[in-house]
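Below is one structure, written out as structure tokens; the observations come after it.
We count residues from 1, following the sequence as given.
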Amino acid sequence: MTDSKRFGGKVTLVTGAAGNIGLATAERLAAAGSAIAMLDLAGEKLDAAVRTVAAAGVTARGYGCDVTDAAGVQAVVDQVAADFGQIDFLFNNAGYQGAFAPVQDYPVEDFARVMTINVCGAFHVLRAVSRHMVARKFGRIVNTASMAGVGGPPNMAAYGASKFAIIGLTQTASKDLAPYNIRVNAISPAFMGPGFMWERQVELQAAVGSQYFSTDPKVVAEQMINSVPMRRYGDIKEIPGVVEFLLGDDSSYMTGVNLPIAGGIL
């Protein structure tokens, strides 16, 4: 359970806020008292997510934002700072999983898309938000990486490469921003479910027909679960508490760290 006053007076900017992980984390931080600026592609899904978070009794506002547009990101972040008066925390979470194919057949266009969204997009947001944090000499940032950026899964060249890059970006940014009392850490979820992302990766890994997985999605699901020491996939609800920990004072001497949320996968 979270302390309802822990983040009172704080403002958190969340990207990918209408997705499962973004929304669950926004709800958790709102329950801790933080006001929430929710960035995602504009649409009904974002509007619904804002209403869900606002139900916690905090200020929540939605902002349509394409993280691949550097100038657009800067404009939106500046607007958030103007609307809320400050940005204390960033959950830099927007991302795209991409195609599943062996590297020799991986579609060039999709590789570029994954890198543009996951790496360039995360950098655009980190750069824009950190400018406001540097001016105030305070900030806490959590980037969403992945165990795909730790172990390099088969058939996911773009996604794996992008998440390795996020871990590296986290480490470099933590050093650059440390003099300004800004901490930068990352989380790396592994297999999370149930839901669209779990079903998608199971089905697409099966469709590749590689030596690593069966061509039967049901068997692939079992193979993935059996690779996890805890023998289950993680629940989306097991992510927000780790983000809250990294944003809070209990992690005050941690920066440049990547925390696995992976059921024992190393």
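- Met133 places a side-chain heavy atom less than 4.5 Å from the side chain of Ile141.
- Residue Val243 is grouped with residue Leu259 when hydrophobic side chains (ILVMFWY) are merged at heavy-atom distances under 4.5 angstrom, including chains of intermediate members.
- Here the side chain of Asn185 pairs a donor or acceptor atom with the backbone of Val257 at under 3.5 angstrom.
- Contact of the Arg6 side chain with the Glu244 side chain is registered, since non-hydrogen atoms from C-beta on lie closer than 4.5 Å.
- The hydrophobic cluster containing Tyr212 also includes Met147, Val150, Ile167, Phe191, Trp198, Val202, Phe213, Val220, Met224, Ile225, Val228, Met230, Tyr233, Ile265, under a criterion of side-chain heavy atoms closer than 4.5 Å among ILVMFWY residues, counted directly or through chains of members.
- Heavy-atom contacts from other residues, nucleotides or ligands closer than 6.0 Å to CG of Asp249 number 12 or fewer.
- When side chains are defined from C-beta on, Ile87 counts as touching Val77, because their heavy atoms get closer than 4.5 Å.
- With respect to Asp78 and Arg131, no salt bridge is recorded, no charged nitrogen being found less than 4.0 Å from a carboxylate O.
- Using a 4.5 Å heavy-atom cutoff, the side chains of Asp88 and Phe7 are not in contact.
- Minimum heavy-atom separation, Ser34 to Thr12: OG-OG1, 2.8 Å.
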I'd like a table of donor-acceptor pairs (distance under 3.5 Å, sequence neighbours excluded) in which one partner is a side-chain atom from residues 36-61, with atom names and distances.
unit_1: Asp40; atom_1: OD2; unit_2: Ala17; atom_2: N; d: 3.3
unit_1: Asp40; atom_1: OD2; unit_2: Ala18; atom_2: N; d: 2.8
unit_1: Thr52; atom_1: OG1; unit_2: Ala48; atom_2: O; d: 3.1

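- A heavy-atom distance below 4.5 Å is found between the side chains of Thr144 and Phe91.
- A heavy-atom distance below 4.5 Å is found between the side chains of Leu13 and Thr15.
- Salt bridge status for Asp176 with Arg127: absent, with no side-chain N to carboxylate O gap under 4.0 Å.
- Side chains of Leu29 and Phe89 form no contact here, defined as non-hydrogen atoms less than 4.5 Å apart.
- Within the 4.5 Å cutoff, no side-chain heavy atoms of Lys163 are placed close to those of Ser188.
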